[in-house]
Visitor: 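Handing you a structure now.
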Amino acid sequence: MNNQTMDTRYTHSPKDIAQFTTQELREEFAVETIFEPNFIHLVYSHNDRLIFGGVEPTAEPLEIVLDKVLGVEYFLERRELGIINIGGAGSIIIEGQEDEVLHRDGYYIGKGTKEVIFKSKDPKNPAKFYVASAPAHQKYPNKKIALANINPLTPGDDEHMNKRKINQYVHPNQVESCQLQMGLTSLAPGSAWNTMPCHTHERRMEAYLYFELPEDNAIFHFMGKPDETKHLVLQNEQAAISPSWSIHTGVATSNYSFIWAMCGENITYDDMDIVPMNELK
């Protein structure tokens with residue numbers, strides 16, 4: 001029997017959150033627990049119906065079991081799934097076929113796949129599978145996405161403290177997908193800002209998982225309309241939900257990495273609306 005939880009988060013208009021307290025904002029948009037040994041933590045966001053979370057198998061394998069709650073017979077009956085492992089070496093068993101998934105390797109699993117089981121090679125150094133799933137209406141082939149086969153983008157510079165490496169996993173230059181996109185960005189030492197100047201995705205929502213943040217540091221994740229910004233203070237391996245109308249950017253007291261997952265009506269990676277710096281408030 002799996003150890004599994006799924007938290008539901010609902011949608012809001014910008015006017016809804018105008019008077020939110022810090023705690024109310026966190027309850028709706030911050031996700032404080034993603035990984036726990038021998039456990040699956042999932043969040044169902046009504047923003048484009050993205051499901052995301054963490055799977056951390058130890059001595060025993062784990063399987064995401066979602067059926068009646070999604071109105072289907074099995075989890076991926078009408079969904080696709082992206083996976084990135086940020087922990088120790090592990091493997092995924094897909095309908096009986098096992099494939100190794102090393103640290104920072106990823107996987108795309110298409111609609112209609114009935115069984116996906118997550119394993120760790122060493123329970124003392126468990127794999128940490130970050131997962132993101134979006135509704136899908138066509139089956140695309142399952143594919144392993146090894147970090148070694150990704151040619152990263154390298155935007156930013158030291159002067160603006162936003163020098164970073166963007167690895168695109170579930171992306172048209174790696175795999176075909178219905179609407180899910182997923183990648184991993186790492187900031188260089190001395191850099192602290194991600195995605196600045198910031199932008200919105202009017203046609204897509206996005207969720208961030210922040211990780212590799214050193215102890216005794218903090219992330220300040222910014223959200224809200226460009227002219228009415230708010231922020232969430234996050235720790236290592238915590239996540240934030242960004243509605244399509246919201247900016248999504250962050251700064252920390254050290255360099256760090258984050259996984260971004262997007263879904264919506266447009267799969268074009270650079271379909272975004274840049275916000276001029278002088279319009280932020």
Side-chain angles (χ1 to χ4, degrees), residues 25 29-31 34 52 82 84 86 103-104 106 130 132 147 150-174 181-264 266-281:
L25 198 70
F29 299 103
V31 183
I34 295 290
F52 65 93
I84 299 177
I86 65 168
H103 178 67
R104 288 205 175 200
Y130 184 70
L147 178 64
I150 298 175
N151 185 23
L153 305 176
T154 55
D157 54 52
D158 293 330
E159 181 181 1
H160 295 90
M161 298 183 294
N162 63 353
K163 190 174 182 180
R164 58 202 190 274
K165 183 181 292 185
I166 302 174
N167 296 290
Q168 297 167 320
Y169 286 72
V170 181
H171 183 274
N173 62 22
Q174 289 289 342
Q181 291 191 58
M182 195 173 183
L184 190 161
T185 299
S186 293
L187 275 70
S191 286
W193 283 98
N194 68 68
T195 321
M196 184 59 76
C198 63
H199 57 269
T200 61
H201 287 142
E202 192 61 40
R203 291 154 292 279
R204 292 175 293 176
M205 67 84 66
E206 188 163 12
Y208 278 11
L209 167 73
Y210 290 100
F211 69 105
E212 293 181 344
L213 180 72
E215 190 175 355
D216 296 326
N217 284 269
I219 296 270
F220 293 79
H221 178 88
F222 294 95
M223 61 168 297
K225 295 283 285 184
D227 61 351
E228 193 175 5
T229 61
K230 297 180 179 295
H231 73 273
L232 302 166
V233 180
L234 301 175
Q235 309 299 320
N236 187 47
E237 296 185 357
Q238 293 185 342
I241 298 170
S242 293
S244 59
W245 47 263
S246 173
I247 65 168
H248 41 275
T249 187
V251 65
T253 53
S254 173
N255 62 314
Y256 54 93
S257 297
F258 67 100
I259 293 175
W260 41 270
M262 299 184 286
C263 65
N266 196 335
I267 203 167
T268 305
Y269 175 76
D270 58 2
D271 176 24
M272 59 185 72
D273 300 306
I274 304 295
V275 179
M277 297 291 279
N278 62 1
E279 292 184 10
L280 288 171
K281 295 180 181 179

Visitor: So, Asn162 versus His160: side-chain donor-acceptor pair below 3.5 Å or not?
Guide: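 No.
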
Visitor: Nearest heavy-atom pair of Asp157 and Ser191: which atoms, and what distance?
Guide: O-OG, 4.5 Å

Visitor: Nearest 0.5 Å please: distance from the CE atom of Met161 over to the NZ atom of Lys163.
Guide: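 Rounded to the nearest 0.5 Å, the CE-NZ separation comes to 14.5 Å.
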
Visitor: Would you indicate whether the side-chain heavy atoms of Met182 and Ile259 approach each other to under 4.5 Å?
Guide: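 A side-chain contact exists here, since the closest heavy-atom pair is under 4.5 Å.
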
Visitor: For residues Tyr169 and Leu147, determine if any side-chain heavy atom of one lies less than 4.5 Å from a side-chain heavy atom of the other.
Guide: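 Answer yes - side chains close enough.
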
Visitor: Answer whether the closest heavy-atom distance between the side chains of Ile166 and Arg164 falls below 4.5 Å.
Guide: yes

Visitor: Under a 3.5 Å distance rule, please check whether Thr253 uses its side chain to pair with a backbone N or O of Ala218 as donor and acceptor.
Guide: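 Yes: the side chain of Thr253 pairs with the backbone of Ala218.
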
Visitor: Drop me the distance from Glu206's CD to Cys263's SG, to the nearest 0.5 angstrom.
Guide: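 Glu206 atom CD to Cys263 atom SG measures 10.0 Å (nearest 0.5 Å).
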
Visitor: Can you check whether Phe258 reaches Leu209 side chain to side chain, under 4.5 Å on heavy atoms?
Guide: no

Visitor: Compare every heavy atom of Phe29 with every heavy atom of Pro243, then report the nearest pair and how far apart it is.
Guide: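 For Pro243 versus Phe29, the nearest heavy atoms are CG-CE2, 3.7 Å.
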
Visitor: Side chains of Asn194 and Tyr208: closer than 4.5 Å at any heavy-atom pair?
Guide: yes

Visitor: Can you tell me how far apart CD1 (Ile247) and CE (Met223) are? Round to the nearest 0.5 Å.
Guide: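 Reported to 0.5 Å precision, the distance equals 9.0 Å.
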
Visitor: Could I get the full list of side chain to side chain contact (heavy atoms under 4.5 Å, CB included) partners for Asp227, not counting sequence neighbours?
Guide: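 With sequence neighbours excluded, Asp227 shows a side chain to side chain contact (heavy atoms under 4.5 Å, CB included) to Lys225, Lys281, given in chain and number order.
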
Visitor: Please round to the nearest 0.5 Å and tell me the distance separating atom CZ of Phe220 and atom CG of Leu234.
Guide: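 CG of Leu234 is found 10.0 Å from CZ of Phe220.
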
Visitor: Output, in order, the C-alpha distance, side-chain angles, deciding distance and verdict of side chain to side chain contact (heavy atoms under 4.5 Å, CB included) for Asn236 and Tyr210.
Guide: CA-CA 6 Å; Asn236 187 47; Tyr210 290 100; over 6 Å; no

Visitor: I want to check something: taking the side chain as every heavy atom from C-beta on, are Thr195 and Phe222 in contact at a cut-off of under 4.5 Å?
Guide: no

Visitor: Tell me whether the count of non-hydrogen atoms from other residues, nucleotides or ligands lying under 6.0 Å of CG in Asn173 goes above 12.
Guide: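 Yes.
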
Visitor: Would you say that more than 12 heavy atoms from the other residues, nucleotides or ligands in this model lie under 6.0 Å from the NZ of Lys230, or not?
Guide: yes

Visitor: Taking C-beta and beyond as the side chain, do His221 and Ser242 meet within less than 4.5 Å on heavy atoms?
Guide: yes

Visitor: Between Leu25 and His231, which heavy-atom pair has the shortest distance, and what is it?
Guide: CD2-O, 3.6 Å

Visitor: Identify the two heavy atoms, one from Gln174 and one from Gln168, that lie closest to each other, and give their separation to 0.1 Å.
Guide: CG-O, 3.3 Å

Visitor: Determine the minimum heavy-atom distance between Ser254 and Asn217, stating which atoms define it.
Guide: CB-OD1, 3.4 Å

Visitor: With side chains defined as the heavy atoms from C-beta onward, is the minimum distance between Pro226 and Glu279 less than 4.5 Å?
Guide: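 Contact flag for Pro226/Glu279 side chains = no.
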
Visitor: Quick one: salt bridge (Lys or Arg N to Asp or Glu O under 4.0 Å) partners of Arg104, sequence neighbours excluded?
Guide: Glu212

Visitor: According to side chain to side chain donor-acceptor pair (under 3.5 Å), who are the partners of Glu237, at least two apart in sequence or on a separate chain?
Guide: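 Glu237 satisfies side chain to side chain donor-acceptor pair (under 3.5 Å) with Lys128 once adjacent residues are dropped.
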
Visitor: If I compare all heavy atoms of Ser257 with all of Ser186, which pair ends up nearest, and what's the gap?
Guide: OG-OG, 2.7 Å

